[in-house]
Amino acid sequence: MEITSVAFGIPFRHSITDSSSQSTKPFRHSITDSSSQSTKPFSARKSPKLQIQHASDLPSTLTRVGQMLTVKELNTALNHFGNSNKFNNISQLFLWMQENKKVDVYSYSHYIKFMANKLDASTILKLYNNIQDASVKDNVYMKEDGLVPDLVTYSTLIAGCVKVKDGYPKTLELIQELQDNNLRMDDVIYGAVLAVCASNGKWEEAECYFKQMKSEGRSPNVYHYSSLLNAYSACGNFQKADVLIQDMKSEGLVPNQVILTTLLKVYVRGGLFEKSRELVAELESSGYAEDEMPYCVLMDGLAKAGQIHEAKVIFDKMMKKQVRSDGYAHSIMISAFCRAKLFQEAKQLAKDFQTTFNKYDVVIMNSMLCAFCRVGEMDSVMETLRKMDELAISPDYNTFNILIKYFCSKNMYLLAYRTVEDMHSKGYQPTEELCSSLIFHLGQAKAHSEAFSIYNILKYSKRSICKALHEKILHILLAGKLWKDAYVVFKDNATFISGPTTKKFASAFMKSGNINLINDVMKTLHSCGYKIDPDLFEMAVSRYLGQPEKKDLLLHLLQWMPGQGYVVDPSTRNLILKNSHLFGRQLIAEVLSKQRVKLKAQESR
DNA sequence: ATAGGGTTAG
């Protein structure tokens with residue numbers, strides 16, 4: 001009881017606000033839709049293609065005439081919008097084409113070309129995979145029609161790998177592919193590749209590409225140097241960094257703001273705080289410290305090395321100098337205080353952030369939430385959540401994760417469940433490990449249908465989930481007497497269900513499952529190679545005998561059996577005969593004798 | 001078309 005009332009209060013009022021703000025959209029559409037029809041009576045006479053190109057409300061025009069157009073014509077429209085930089089229309093049209101399966105390789109290619117700098121990296125990579133799938137499917141090769149990807153395409157794709165997980169192996173594939181297409185890596189490609197190496201902590205590989213480009217007679221520019229430098233920062237290799245800076249200077253390049261800030265990162269990661277402070281002073285005197293970034297780098301490093309007081313000194317100095325800040329500095333100090341369990345200081349600074357910036361920040365909230373959860377300060381957790389709600393800060397992926405883990409750790413599984421549902425409805429994917437453990441605990445707590453909901457969230461969000469999970473949920477569904485769901489799970493995953501569990505499912509279902517599904521379950525069991533026991537038939541027959549109005553189902557079962565090599569055993573046969581008045585003696589006798597004849601015939605064959 | 005900063009958890 002207490003759990004649900006808490007859950008009701010928290011996650012999250014915005015789900016209501018959000019959906020209401022979304023509900024204004026269709027409204028807006030229907031207005032524009034009707035007005036465009038009434039003010040443009042001639043539109044119906046325009047060709048569908050022109051209607052699309054000149055649509056004032058593209059989505060509704062597409063709904064009206066989109067299906068009349070071929071993929072080729074739609075691609076022309078994409079091009080039309082692309083050439084006039086109508087990005088909104090490109091997106092709307094492409095989305096419609098995807099939803100209506102009216103896309104080919106060229107659609108993807110045009111779309112990527114026009115939207116390259118409007119889309120985030122992972123989206124572009126996904127689209128790129130779609131192209132490859134589509135080109136195999138349509139047997140079209142990109143090389144035709146000038147569609148061969150060029151170096152610009154590849155640099156866009158590789159740059160996209162910087163922020164993406166698995167970006168490094170993906171980059172290797174792309175390098176291979178561009179070489180297969182007879183392209184050679186140029187300066188920009190090398191720049192992007194080095195950036196990927198750096199963001200994946202691969203300094204040796206970065207060095208290797210750096211040397212390789214030099215050996216090809218290319219002179220590294222500041223981008224290359226800064227990425228290699230950044231690659232050294234993860235491991236704090238300041239010796240290599242210093243050598244690199246010397247090399248750079250000897251090539252006649254002057255370290256700029258980015259280079260020096262990155263060098264600072266190396267020193268900080270290497271624990272050279274004295275040298276770092278000197279470098280910050282150098283940045284200040286060069287006018288490179290007007291932004292908070294170098295201070296952030298140093299503060300964060302100090303705090304993570306346990307020197308929280310020194311970090312705060314930098315923070316205060318920065319505030320005194322009125323360095324331009326977007327709030328990162330606050331965020332770093334707040335999370336540092338939280339890590340050190342200095343909650344009063346953290347709260348004070350959070351308050352300060354709120355008054356300085358006149359807003360709140362989800363990252364700061366997450367830091368505090370996480371800290372409160374870690375020390376188990378339930379009241380502060382709830383207070384923080386209330387505050388987020390008050391200030392209309394939408395929880396993000398991390399917020400949900402923090403909360404769910406916290407609720408699980410406190411054995412508040414129903415609350416965790418509600419939070420996962422909320423998370424899912426906001427479009428965030430909980431991890432499989434989290435779901436899997438929650439399913440287990442919900443099962444233990446007899447929250448069977450809740451466990452099944454989590455299973456479904458997982459199943460419909462991922463291509464493949466741990467095979468053992470199907471069997472696990474099957475046990476839970478049986479325990480919860482959710483027969484129909486159990487049947488669906490069994491049917492969809494029969495190959496992953498062990499023999500003993502199959503047996504358990506079969507007899508539990510025959511005993512208590514939905515009578516209308518008994519024959520379906522029998523057939524499913526048989527078709528997945530399970531040898532149906534005579535006891536199971538006896539159980540099914542008993543169920544039918546208990547409900548004479550299901551006569552047709554019994555007859556159907558009896559008729560189906562001999563074809564698959566089954567025959568009722570003598571005791572079941574007697575049971576049926578004893579009750580045959582309920583079904584029509586004549587009919588039952590016929591069916592039973594047919595069973596024997598068919599079986600005999602099969603045996604003699 | 002290529003470069004630099006904060007939050008989870010183990």
Side-chain angles (χ1 to χ4, degrees), chain A residues 112-113 116-117 124 149-162 171 178 185-199 206 209 213 218 220-234 248 253 255-266 268-269 283 288-289 291-301 303-304 311 315 325-339 346 349-350 353 361-371 373-374 395-406 408-409 428 430-431 433-434:
Chain A
I112 291 181
K113 189 171 75 192
N117 46 19
I124 292 193
D150 58 12
L151 284 175
V152 177
T153 317
Y154 282 109
S155 74
T156 309
L157 292 167
I158 294 172
C161 292
V162 172
T171 296
L178 78 90
M185 293 172 72
D186 67 359
D187 284 5
V188 179
I189 297 280
Y190 272 113
V193 171
L194 286 167
V196 172
C197 292
S199 67
Y209 283 112
M213 74 176 287
R218 301 182 176 280
N221 61 25
V222 276
Y223 290 92
H224 304 114
Y225 278 102
S226 81
S227 284
L228 182 53
L229 202 55
N230 196 26
Y232 292 144
S233 76
M248 180 180 173
L253 292 169
N256 63 11
Q257 184 172 356
V258 174
I259 293 286
L260 292 177
T261 312
T262 310
L263 182 62
L264 176 65
K265 215 174 122 183
V266 181
V268 166
R269 291 301 293 269
L283 282 160
Y288 290 160
D291 189 86
E292 65 183 328
M293 197 184 290
Y295 301 99
C296 286
V297 170
L298 181 52
M299 276 189 307
D300 191 46
K304 283 183 176 156
F315 180 81
S325 168
D326 290 327
Y328 279 103
H330 278 79
S331 180
I332 288 167
M333 282 314 299
I334 291 167
S335 69
F337 282 136
C338 284
R339 269 196 304 270
L349 219 49
F353 176 88
D361 183 278
V362 69
V363 174
I364 291 179
M365 284 306 201
N366 286 346
S367 298
M368 312 237 317
L369 263 186
C370 179
C373 287
R374 220 163 19 210
D396 68 1
Y397 176 82
N398 290 324
T399 318
F400 286 117
N401 249 333
I402 294 164
L403 288 175
I404 294 163
K405 284 187 180 170
Y406 175 62
C408 283
S409 76
Y428 296 111
T431 64
E433 299 72 48
L434 196 61

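All values reported here derive from a predicted model rather than from experimental measurement. First the proteins, then the strands, lettered A, B, ... as listed; each starts at 1.
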Round to a whole Å and report the spacing from [atom1] of [X] to [atom2] of [N].
X        : N     : atom1 : atom2 : value
A/Leu194 : B/dT2 : CG    : P     : 14 Å
A/Tyr232 : B/dA3 : OH    : P     : 18 Å
A/Ile158 : B/dA1 : CD1   : C1'   : 10 Å
A/Asn221 : B/dA1 : CG    : C1'   : 13 Å
A/Leu260 : B/dA3 : CG    : C1'   : 13 Å

Discussion item. Using the ring pair (Phe, Tyr, Trp, His ring centres under 6.0 Å) criterion, which residues pair with A/Phe337? Sequence neighbours excluded.
Written reply: none
Worksheet, complete the sentence: Taken in chain and number order and not counting sequence neighbours, the residues that satisfy ring pair (Phe, Tyr, Trp, His ring centres under 6.0 Å) with A/Phe353 are A/His330, A/Phe357
Worksheet item: Side chain of A/Asn256, base of B/dA3: donor and acceptor closer than 3.5 Å?
Response: yes
Worksheet item: Does A/Ser155 make a side-chain donor-acceptor contact with the base of B/dA1, cut-off 3.5 Å?
Response: yes
Response to the item:
Sorted by chain and number, sequence neighbours left out, salt bridge (Lys or Arg N to Asp or Glu O under 4.0 Å) with A/Arg374 holds for none
Fill in: For A/Asp187, all residues meeting salt bridge (Lys or Arg N to Asp or Glu O under 4.0 Å), sequence neighbours excluded
A/Arg218
Worksheet item: Just by protein heavy atoms under 4.0 Å, how would nucleotides 4-10 of chain B read 5' to 3' in B, S and -?
Response: BBBBBS-
Fill in: Under the side-chain hydrogen bond (donor to acceptor under 3.5 Å, both in side chains) test, residues paired with A/Asp150 that sit two or more places apart
A/Thr153
Worksheet item: Is the backbone N or O of A/Leu229 less than 3.5 Å from a side-chain atom of A/Ser233, with the two atoms forming a donor-acceptor pair by type?
Response: no
